[in-house]
Engineer: 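Following this message is one structure expressed as structure tokens.
Letters A, B, ... are given to chains in the order of the sequence lines, protein chains preceding strands, and every chain is numbered from 1.
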Protein chains: 2
Amino acid sequence: MSSTIPTLGFAILSVLARADSTGYEIAGRMRNPVARFWTASHSQIHADLRRLLDSGLVGYTTAPGPGPQEKKIYSITAEGLDALREWVTEPPRPQPERDELVLKTYAAWLADPAALIAMFRTALREHEGRLAEYEAAWASVEEEAPAFGTSRFGNMAALRCGLTYERHRADWCRWMIDQLSSSLKPS
Amino acid sequence: MSSTIPTLGFAILSVLARADSTGYEIAGRMRNPVARFWTASHSQIHADLRRLLDSGLVGYTTAPGPGPQEKKIYSITAEGLDALREWVTEPPRPQPERDELVLKTYAAWLADPAALIAMFRTALREHEGRLAEYEAAWASVEEEAPAFGTSRFGNMAALRCGLTYERHRADWCRWMIDQLSSSLKPS
DNA sequence: CTTCACTATGTCAGTTCTTACATAGATGTA
DNA sequence: TACATCTATGTAAGAACTGACATAGTGAAG
């Protein structure tokens, strides 16, 4: 019957529930710090928007665009909002856990400690950078204390996860660097 | 030229660097707590083993198997070990961050708080379960203090990441439940 | 004045991966 | 005895996704 909507479809609906957007804007919003947890290329977003449109979960109005095509401003429909609301509380299906840095760590015993330290230092810098970003955003969102029922609540909750994730990650990288350093000078 | 090896290929090599295994066993080992960070279905593993074989990174010997085909015991070759060693310290490419629970959180403001609390309680129980598993494994690995250069070091380092990840996750779930609870009784 | 980045849509080829199917012996359970 | 589960390999269809290509206006930097 109704073709199942992939998770990316719900990610798109989640963005449109906040503001009407073009496909291009949706891709941009999903690259934004507080919504970085389900990204996709614009080509895939266009494909999925088409499917959501066929299912009646989104609609659009056109406006003159920069390229040869007209620009399409998508918005979520009542049916789309219903589908999104229903999906939100369904238990998330177990995901394939995939983490390249941890995989490399699993095989780290084969490699050169000094090179590994360099790699983890780079990773640490990235995590610390994002952590600083998130902490700045957190300061302003905590002050505001957004109420449940507003989209700001969703932003805050997702941001909180990103914040503690980066903290955990940075801590782990520091621990790795420590371990690898002490393996260099066994003294 | 030399066809690029997908990340799953290196995950397979990482397992074979520890012990010779059949394709079936590789899938099982990747479902094991300390190597849960790059899982795949056996059909994909068979496909990738074929490619690794064509590239000369693995070899195999046969033994009588249960089914109609013979069982193949794969082992990593010297070339495979070289390729793995080289890959380990290359900077990991930025991955698509995908997390269904956080996506649902991002859209949580649209849903029923009570249903959300139930969902997060389920997630919390899962994280706490894995945390207990990891903590038990950690106790024994810490005692042993495996040296760099042995595969146990890789196990320990990956386990450490899993441990602090589950801790962060469980903390966040508890925070979410708190937030949602206080939105129910505004007192 | 040229070049680059940004906005904006879309196609297409190819890769990665999942799910279901197919086969079949051994082992344990009801 | 019957049935499920584990071991073990593989195929095949299709979903999901990436990256390159194609087009084209605006605005900023050099």
Side-chain angles (χ1 to χ4, degrees), chain A residues 2-12 15-16 19-32 37-55 58 60-74 93-100 103, chain B residues 2-12 15 20-32 37-55 58 60-74 93-100 103:
Chain A
S2 82
S3 58
T4 40
I5 301 154
T7 308
L8 178 56
F10 290 107
I12 292 169
V15 169
L16 290 179
D20 297 354
S21 314
T22 65
Y24 181 85
E25 281 173 330
I26 292 168
R29 299 234 162 92
M30 297 198 329
R31 259 179 275 117
N32 163 293
F37 38 81
W38 208 281
T39 53
S41 58
H42 78 268
S43 54
Q44 188 61 24
I45 287 166
H46 281 304
D48 274 40
L49 275 170
R50 180 60 179 272
R51 272 193 283 179
L52 292 170
L53 193 65
D54 293 342
S55 312
V58 303
Y60 69 86
T61 54
T62 55
Q69 279 97 5
E70 289 217 290
K71 130 171 145 172
K72 293 174 181 172
I73 299 150
Y74 288 91
R93 25 173 229 178
Q95 279 183 242
E97 294 173 63
R98 264 159 209 178
D99 192 321
E100 208 173 299
L103 177 55
Chain B
S2 82
S3 57
T4 41
I5 300 155
T7 308
L8 178 57
F10 290 107
I12 292 169
V15 170
D20 296 354
S21 315
T22 65
Y24 181 85
E25 281 174 330
I26 293 169
R29 299 235 161 91
M30 297 199 329
R31 260 179 273 116
N32 163 294
F37 38 81
W38 207 282
T39 54
S41 57
H42 77 268
S43 54
Q44 188 60 24
I45 287 166
H46 281 304
D48 274 41
L49 275 171
R50 180 61 179 271
R51 274 194 281 178
L52 291 171
L53 193 65
D54 292 343
S55 313
V58 302
Y60 68 86
T61 54
T62 55
Q69 279 97 6
E70 290 217 289
K71 130 173 149 172
K72 291 174 181 171
I73 298 150
Y74 288 91
R93 22 173 232 181
Q95 278 182 242
E97 294 174 63
R98 265 159 208 180
D99 193 321
E100 208 173 299
L103 178 55

Engineer: Between B:Pro68 and A:Pro66, which is nearer to the 5' end of DNA chain D once each is assigned its nearest nucleotide?
Structural biologist: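 Per heavy-atom nearest nucleotide, the more 5' residue is B:Pro68.
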Engineer: Could you check whether B:Pro6 gets within reach of a base, just the sugar-phosphate, or nothing at all, counting any heavy atom under 4.0 Å?
Structural biologist: sugar-phosphate
Engineer: How close or far is atom C1' of D:dT7 from atom NE2 of B:His46, stated in whole angstroms?
Structural biologist: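 Going from NE2 in B:His46 over to C1' in D:dT7 covers 11 Å.
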Engineer: B:Arg29 CZ to D:dA8 P: how many Å, rounded?
Structural biologist: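 Rounded to whole Å, this separation is 10 Å.
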Engineer: Within the structure, does a side-chain N or O atom of B:Arg98 lie under 4.0 Å from either OP1 or OP2 of D:dA16?
Structural biologist: no
Engineer: Distance check needed: D:dC17 C1' versus A:Ile5 CD1, whole Å only.
Structural biologist: 18 Å
Engineer: With the side chain of A:Thr22 defined as its heavy atoms from C-beta on, choose the nearest nucleotide among C:dA24, C:dA8, D:dT9.
Structural biologist: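 Among the listed nucleotides, the one closest to the side chain of A:Thr22 is C:dA8.
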Engineer: How long is the line joining CD of B:Gln44 and P of D:dG10, in whole Å?
Structural biologist: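 It works out to 14 Å between those atoms.
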Engineer: Where the side chain of B:Glu25 is concerned, which of D:dA8, C:dC17, D:dT18 is the nearest nucleotide?
Structural biologist: D:dA8
Engineer: If you find the nucleotide of DNA chain D closest to A:His42 and the one closest to A:Thr7, which residue's nucleotide is nearer the 5' end?
Structural biologist: A:Thr7
Engineer: For D:dA16, take OP1 and OP2 only and decide whether either is under 4.0 Å from a side-chain N or O of A:Arg51.
Structural biologist: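 So the side chain of A:Arg51 is within the cut-off, an N or O lying under 4.0 Å from OP1 or OP2 of D:dA16.
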Engineer: Are any of B:Ser41's side-chain N or O atoms less than 4.0 Å away from OP1 or OP2 of C:dT18?
Structural biologist: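 Yes, such a contact exists.
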Engineer: Would you say A:Ser21's side chain and A:Ala19's backbone share a donor-acceptor pair under 3.5 angstrom?
Structural biologist: yes
Engineer: Whole-Å distance between C:dT7 P and A:Arg31 CZ?
Structural biologist: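 Checked: the CZ to P distance equals 9 Å.
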Engineer: Answer yes or no: is there a donor N or O on one side and an acceptor on the other, between the side chain of B:Gln95 and the main chain of A:Glu100, under 3.5 Å?
Structural biologist: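 Pair found, side chain donor or acceptor close to backbone of A:Glu100.
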Engineer: Starting at atom CD1 of A:Ile45, determine the distance to atom P of D:dC17, rounded to an integer number of angstrom.
Structural biologist: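 Answer to the nearest Å: 10 Å.
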Engineer: Mind listing the closest non-hydrogen atom pair of B:Ala11 and B:Met30 along with its distance?
Structural biologist: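 The answer is CB-SD, 4.1 Å.
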Engineer: Taking only N and O in the side chain of B:Ser43, is any of them less than 4.0 Å away from OP1 or OP2 of C:dA20?
Structural biologist: no
Engineer: Any side-chain N or O of B:Arg93 under 4.0 Å from OP1/OP2 of D:dT18?
Structural biologist: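 No, B:Arg93 has no side-chain N/O under 4.0 Å of OP1/OP2 on D:dT18.
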Engineer: For B:Pro6 and B:Arg51, which heavy atoms make the closest approach, and how far apart are they?
Structural biologist: CG-NH2, 3.9 Å
Engineer: For the side chain of B:Glu25 and the backbone of B:Thr22, is there at least one donor-acceptor N/O pair under 3.5 Å apart?
Structural biologist: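 Judged by distance alone, yes, a pair lies under 3.5 Å.
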Engineer: Below 4.0 angstrom from OP1 or OP2 of C:dT7, is there any side-chain N or O of A:Tyr24?
Structural biologist: yes
Engineer: Looking only at side chains, do B:Arg31 and B:Thr39 share a donor and an acceptor under 3.5 Å apart?
Structural biologist: no
Engineer: Take atom NZ of A:Lys72 and atom C1' of C:dG10, then tell me their distance rounded to the nearest Å.
Structural biologist: 9 Å
Engineer: Starting at atom CD of B:Gln95, determine the distance to atom P of D:dT18, rounded to an integer number of angstrom.
Structural biologist: 12 Å
Engineer: Would you say a side-chain N or O of A:Lys71 is under 4.0 Å from OP1 or OP2 of D:dG25?
Structural biologist: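 For D:dG25, OP1/OP2 do not have a side-chain N/O of A:Lys71 under 4.0 Å.
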Engineer: For B:Arg50, which contact category applies under a 4.0 Å heavy-atom criterion: base, sugar-phosphate, or nothing?
Structural biologist: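 Contact class for B:Arg50: none.
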